[in-house]
Structures are given as C-alpha cells and as structure tokens.
J.: 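Let me give you the structure first, and then I'll get to my questions.
To find a chain, count down the sequence lines: A is the first, B the second, and so on, and within it residues start at 1.
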Amino acid sequence: MANLPIIQFEEKIVETVEKNPVVVIIGETGSGKSTQLSQILHRKGYTRSGIIAVTQPRRVAAVSISRRVAQELGVRLGEEVGYAIRFEDRTSEKTCIKYLIDGVLLRESLSNPELNQYSVIILDEAHERSLNTDILLGLMKRLIKMRASNLKVLITSATLDGEKVSRFFSNCPILNVPGKLFPVEIFYNMERPKSYLESSLKTAIDIHVREPEGDVLIFMTGQDDIEKLVKKLEERVQSLEEGSCMDAVILPLHGSLPPELQVRVFSPPPPNCRRFIVATNIAETSLTVDGVVYVIDSGYVKQRQYNPSTGMYSLDVVQISRVQADQRAGRAGRTLPGKCYRLYPSMVYHEELLDATVPEIQRSSLAGTVLYLKSLDLPDMDILKFDFLDPPSSESLEDALKQLYLIDAIDENGSISSIGRTMAELPLEPSLSRTLMEANEYGCLSQALTVAAMLSAETTLLPGRSKSTEKKRKHDSSDLPNGSGWGDHIQLLQIYELWDQTDYDVDWCKDNNLQVRGMKFVRDVRKQLSQIMQKIAKGSLDVRTNERRKESQEDYRNLRKSLSVGYANQLAERMIRHNGYRTLGFKPQLVQVHPSSVLRTDEEGMLPNYVVYHELISTSRPFMRNVCAVEMPWVMPILKKLEKLNISKLSGGSGQSEEQTEGDKSSLPKKDDVNVARPVDDRDSQIQAARERFLARKGK
DNA sequence: CCAAGCTCA
C-alpha cells in the first residue's frame, strides 16, 4: 500500500477536499484510488461525523475492494469496513467506510433523500457512466447545495472527461493521480480492414512468430466472432512448423461461457507456452487477465440501444470510444511494458472515435428512471429539465412519461400517483411493478411475483447457445411445460412452480437445461419482492407458491389480466388474416412474435387477437419477445386512455410555451365527448368505434 | 422460423 502512487498525493487531496465541496480525481489503473481515497479521508477524521460511502458499478468490485480495505486497516469485514449489494448487506453499527453498488445508494436515497448518514460520498468509476451513476451525479449536484456544511463529494473519472465533470460541478478542482501501468506502445493499421476477423488473425500470428513471450488479448464483439477466430487460430497455430516458435493455447472468454470455462483464464499457462485470449469487452473492466503483454483491438463493441420513437431495442456493433480504446490498451501494461495493435488507422482514433462511450442514460428506456425521480419529490422539479451531465433527449423523457401515464404511475398532469409511489419501491421495471400491484387485486400475487422474478433473470436461465447446443431450445427440448398455449409468461410461471415442487433441486435444473445460478437468482429476487410487497401491505398478503396444486385456467386468466394492465404500454393487435402484429402504442410498429415463443395458434392457425409483450427487439426483423395472450375487453380501456393522452400536460403543464408536435394536437381530448354520448348498452359498436378512431389517428 | 455485449436494484 505504501508504494501506491496516490499516497504521495495525500496532503494535496486532503487540502483540496477541505476547501471544496466537490473534487474530481483522475486516477489511472493502479493508482489505488478505489482502496485509498476512503482511507485517507478516514485518517483525516471524516468518519467522525458520518460514514464514507464509495459507490461501485459492479458487485464483485464492491466485495473485493472492501475486503482489501478491511485487511489493510486490520479490521473484520462487516465491522468498520463493509459493503452493501443486492441481497447482502454486510455493514453494522460500527461501519464507517461502506462500499456499495450505485443502485443501492439510490434506493437508500428514496427513504433518506439527504443521505444524512454520509459525510463523504465517492462516486468511483464515474467515467463508465452507468445509468445509476449518472442519476447520482445529478442528485449530488443538488445535495451539495443543501448540505454545503457537512458533505464532501469526490468523483473519480478518466482523463478524457474529467474537464466535463468539473464544468458540471461549477468548475470544481481536478486532481491527477498517476497510475502504475507500464508504458504501452501503440500500433495502428494503415487502413481499416475489410474483415477485422482476418486482420486480428494475421496480427495474432505475426505476434506469435516474431515477438517475445507474453500473452495476447484480442477484443472482439461477440460469441460468434470469438468462436470463429478461436477455430481459425487453432488451425493456423497447428500448421506452423514444429519448433519454429513456442506452443500456444487459445481460450475464448465471454459472458455466456459457463463459469468453469471462464475461470480457465486465471490459471497460469504451462511453461514456454503463449496464451491467446479471445474476449468480448468482459475483459475490458470486469475481468482482469494476468500475463497479458499484447492487446489486439478490433475497435468495435456490441451495444444495446433503445429507440424512444419506436419503443424498440436493438443490439448494434458500434465503434468504441477513445476512453474504451485507452482502457483496452492499458490491459497490455499491467505486468510488463506492452504493445497494443489497433486494427484501424490512427486518424480514426484521433478524429472519428467519440471521447467517451455514449452514456447508458441516452441508450435506455427511462420509464424507471423518471418514476424514481418523480418519487423523490424534489422541490421545483421539472423532470424534463433535471440537471444531467448528459441529458437524455426530450423525446426519450416524453416516451417515459407516456409509458408511466398509461400504467397509472402518474396522472394526466404528470404528478406521481399513489400507485406510482408504491411501484417505485419495487426493484423492477415499471411494467412489472404495476403488474404485481394489479395481481394483488385479482388474488394472483404469488403467480405474478414468480413471473416478475423469472423475467428479471430470463437471459441467464438458458445456457449460452452455440452451434453445439443449437438443438436445445426451450420449446423443443425436454419436458418443460409450454405455458398451456397462453404464452411465455405462463410458461415461466409453470417452470418455476415445477422447480419449487422439487424443493429447488439443482439436478432438476441440469436435467432441464436451466442454469442453476439463474434459477437461484430467481428465487432470491422472488423472496426480495415478496418481502417488499409484505412491507407495503403490512404483512397481510399471501405470497406462497402453490403447493402441488394444478393451476386453474381461472388463475391464468387473472394473471393475464394483470399483465394487460401492467403492460398497457406494450400491447399489440394481430392484423387481419395473418399472424403479424401491430403495436398499440403512440407510433404503431409492425412486428412478429419471436420464434422462440410458446404462444399457440388456434385450430385455424391463427395467433391470439391481442397480446402483451415484454420487449421489442430488432434483430433480423422487429420481434416481440416474451409474449402473452390477453383479451379484447381488457385492451379497450387502455386504447381510450391513449386517446386522452396530452404530452404537453404530462411533461409539466407549461403548456403553450412548449412546442407542440402534430401528434400532440391530435391527441387533445376533444373526441372523448363524442364517446360519452354513445349508447352505453351498445358495447360492441362502442369498442369498435374506439378502435377505429384510434387506428385512424395512427394513419395520419 | 431466430441469435445474445456487459452490468445491476
């Protein structure tokens, strides 16, 4: 610890923090900022008046760093030094240095908006710009005004955007702490390669033949590319002349690799053997591989983005940012001076790459974020003007407001409702929290809890599919239930209840091709959600899973009905005479049911007239993923609500001063009078008319 | 008839 660079800056840091409410610390890898800043301020007495909080974007980091700090201070983890992550709070009365996930601090701020227990809040790894860190940055800006006398905020960031963060906090001081990295020499391709797969193959072999020992880390974009490159590398290495160079092992590394294969990168290679690690960006920050001396950087990354105008997600291969490129290069200089080969021209690096990755807040659906901010009841708060470091587009915020309105979380003036307040308590996306609340009314809370928990873990349930596991799809494999035809939500419910009946048997998961870790996570989430619901209802709810009781169609019906309320913003109507759907949102999209769905067709081969979907994902085509059949009478009230929607009122009521788009004008609630005048007993024609008006409006 | 980067309350 004594030889960490940051220790030499101790006095300077203390002095700057004492004089300023906010300080930005630029600390490169190996500077010791994550473990030392908290200890420095602890030594200076900042823990006498409160706790020092250090936020982290990842669970493993919170746990391992706090363990390290406890060790350095010679105390037991969980006493003076502790951590708080989901499902696990290892802090006590004695705790004065607390490492926590940014999302946990946001939860705490719900019940204690001034965060009075903390004397210092350190936002670590802020340059990663996680959604939650960005919200915290905005909240800190307000908080330091309210608590000017007794709160210090430190933000750690990367060289490239330190200035920007400083400007955001009224030009607060920036301190630079050097890292302990070895120099890394950078090489560029003359041109952008036609195929970065071929280019990385060639570069890798060149290194292997010409360069001294040291492992090679290759950054690719996804599982497919990784598998292809691993195969080609193996072929090429084998075809090299025996004895012409050292041996080689080639290891893939990505998130959907089973854990036992992931950890192979941590065991040292046999002597006189070079390792090639072909990885996704998991090796950029989450996992650190020792022994790497050479990095090959394709310059690309796969990123998920949300389009607020269509409500659709897509997963695109995009260019990395300069911060990311530097981070990747740095992976070569951890143990020795290293070399980084960028498979793109230097001009691309200097002129084309963005300074920093587009922050998550500009790539996500913001319904949950907006609901959270509304529930904080910040004074004189216009959600569209919340002070973000990088504000999301007004289109994205308006999309969030519309979604929240449709599921009754906010009223027509944009004020949070009591339903919305309860929803904000639940660690779920708004559509699922709304479903839980509705299910409670219909007596199917237990089932809804299961569905919500299963959907929270859905991606980790099924093992990573590759060519070899291709046959094992969820609907044509094994004896797993099929949702009784109603769709994927019901299937998820049935799967969990079967597992529940085996007393959470691990072997049952394996037999049915479900990831054990994923299922255990579902169980934890379900338990947590049950507890929160109990707390809200003061313990009077029945959240038990059904024991050896066949679910009746009536239970499924109630559950589907609850889903139609929770997913009011994610409904679709089947088009006439074929199985394509049109979403019933503000801008209808033509979409298909994802082929992995278990939703069943009727005798005539037709899918249900109305469905809810968990998400829209645009891959080869736009698809609805996780689909459940609902009934027309449940959909109609939602269509009527859609008609009444007035975005100008929703977004703070400043009304005329806000620019009004075409769509806004047509949704002014004039037509509703006509609707009220219709004969009440003629329901069918009333519904039909509502539908036609709705669809006609779409056409414009 | 499809495809999945990584986190996290």
J.: Between atom CD in Gln56(A) and atom P in dA9(B), what is the gap in whole Å?
T.: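 It works out to 12 Å between those atoms.
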J.: Within the 4.0 Å heavy-atom criterion, would you say Thr280(A) contacts the bases, only the backbone, or no part of the nucleic acid?
T.: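 Contact class for Thr280(A): sugar-phosphate only.
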J.: Closer than 4.0 Å, any side-chain N/O of Arg621(A) to the OP1 or OP2 of dC2(B)?
T.: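 For dC2(B), OP1/OP2 do have a side-chain N/O of Arg621(A) under 4.0 Å.
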J.: Taking any heavy-atom pair under 4.0 Å as a contact, classify Arg58(A): base, sugar-phosphate, or nothing.
T.: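 Touches sugar-phosphate only.
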J.: Could you state the CD1-P distance from Ile532(A) to dA9(B), rounded to the nearest angstrom?
T.: 12 Å
J.: Heavy atoms from C-beta onward define the side chain here; which of dG5(B), dA9(B), dC1(B) lies closest to that of Arg59(A)?
T.: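 Output: dA9(B).
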J.: Heavy atoms from C-beta onward define the side chain here; which of dA9(B), dT7(B), dC1(B) lies closest to that of Arg86(A)?
T.: dA9(B)
J.: Give the residues of residues 424-435 of chain A touching DNA chain B, defined as any heavy atom closer than 4.0 Å, sorted by residue number.
T.: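 The answer is Pro427(A), Leu428(A).
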J.: For the pair made of CG in Leu371(A) and C1' in dA9(B), what is the distance, rounded to whole Å?
T.: 13 Å
J.: Figure out the CG/P separation between Leu315(A) and dG5(B), and round it to whole Å.
T.: 7 Å
J.: According to salt bridge (Lys or Arg N to Asp or Glu O under 4.0 Å), does anything in residues 422-439 of chain A pair up with another residue at least two apart or in another chain? List the pairs.
T.: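 Residue pairs with at least one partner in residues 422-439 of chain A: Asp408(A)-Arg434(A), Arg434(A)-Glu438(A).
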J.: With a non-hydrogen cut-off below 4.0 angstrom, is Ile282(A) in contact with a base, only sugar-phosphate, or nothing?
T.: sugar-phosphate
J.: Show, in sequence, the C-alpha distance, side-chain angles and deciding distance for Val358(A) and Gln305(A), and conclude whether the side-chain contact (heavy atoms from CB on, under 4.5 Å) test is met.
T.: CA-CA 10 Å; Val358(A) 177; Gln305(A) 10 229 5; 5.9 Å; no
J.: Assuming nearest nucleotide by heavy-atom distance, tell me which of Ser620(A) and Phe521(A) is located more 5' along DNA chain B.
T.: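 With Ser620(A) and Phe521(A) compared, the 5'-side residue is Ser620(A).
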J.: Using salt bridge (Lys or Arg N to Asp or Glu O under 4.0 Å) as the criterion, list what pairs up with Arg523(A), not counting sequence neighbours.
T.: none
J.: Listed by chain and number, what are the salt bridge (Lys or Arg N to Asp or Glu O under 4.0 Å) partners of Asp399(A), not counting sequence neighbours?
T.: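 None.
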J.: Taking CZ from Phe219(A) and C1' from dC6(B), how many angstroms apart are they, rounded to a whole number?
T.: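 Between C1' of dC6(B) and CZ of Phe219(A): 13 Å.
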J.: Give the rounded distance in Å between these two atoms: CZ of Phe87(A) and P of dA9(B).
T.: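 In whole Å, dA9(B) P lies 7 Å from Phe87(A) CZ.
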J.: From the list dC8(B), dC2(B), dG5(B), which nucleotide is the closest neighbour of the side chain of Ile101(A)?
T.: dC8(B)
J.: Of the nucleotides dC2(B), dA9(B), dC6(B), which one has an atom closest to the side chain of Phe623(A)?
T.: dC2(B)
J.: Would you say the side-chain atoms of Ser446(A) and Arg526(A) include a donor-acceptor pair closer than 3.5 Å?
T.: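 Ser446(A) vs Arg526(A): donor-acceptor pair found between side chains.
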J.: Listing request: all salt bridge (Lys or Arg N to Asp or Glu O under 4.0 Å) pairs with a residue in residues 357-370 of chain A, at least two apart in sequence or in separate chains.
T.: none
J.: I need the single residue from Phe623(A), Tyr306(A), Tyr613(A) that forms a ring pair (Phe, Tyr, Trp, His ring centres under 6.0 Å) with Tyr313(A). Which is it?
T.: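 The ring pair (Phe, Tyr, Trp, His ring centres under 6.0 Å) with Tyr313(A) is passed solely by Tyr306(A) among Phe623(A), Tyr306(A), Tyr613(A).
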J.: Classify Val301(A) by what it touches in the nucleic acid, base, sugar-phosphate, or nothing, heavy-atom distance under 4.0 Å.
T.: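 No contact.
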J.: Among dC6(B), dC2(B), dA9(B), find the nucleotide with the atom closest to the side chain of His254(A).
T.: dC6(B)
J.: Round to a whole Å and report the spacing from CE of Met624(A) to C1' of dC2(B).
T.: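 My rounded result for the distance is 14 Å.
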J.: Nearest-nucleotide wise, let me know which of Gln262(A) and Gln528(A) is further upstream toward the 5' end of DNA chain B.
T.: Gln262(A)
J.: Just how far, in rounded Å, is C1' of dG5(B) from CD1 of Ile226(A)?
T.: 9 Å
J.: Please enumerate all residues that pass ring-ring contact (aromatic ring centres under 6.0 Å, His included) together with Tyr341(A), with sequence neighbours excluded.
T.: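 For Tyr341(A), the residues satisfying ring-ring contact (aromatic ring centres under 6.0 Å, His included) (neighbours in sequence not counted) are Phe187(A).
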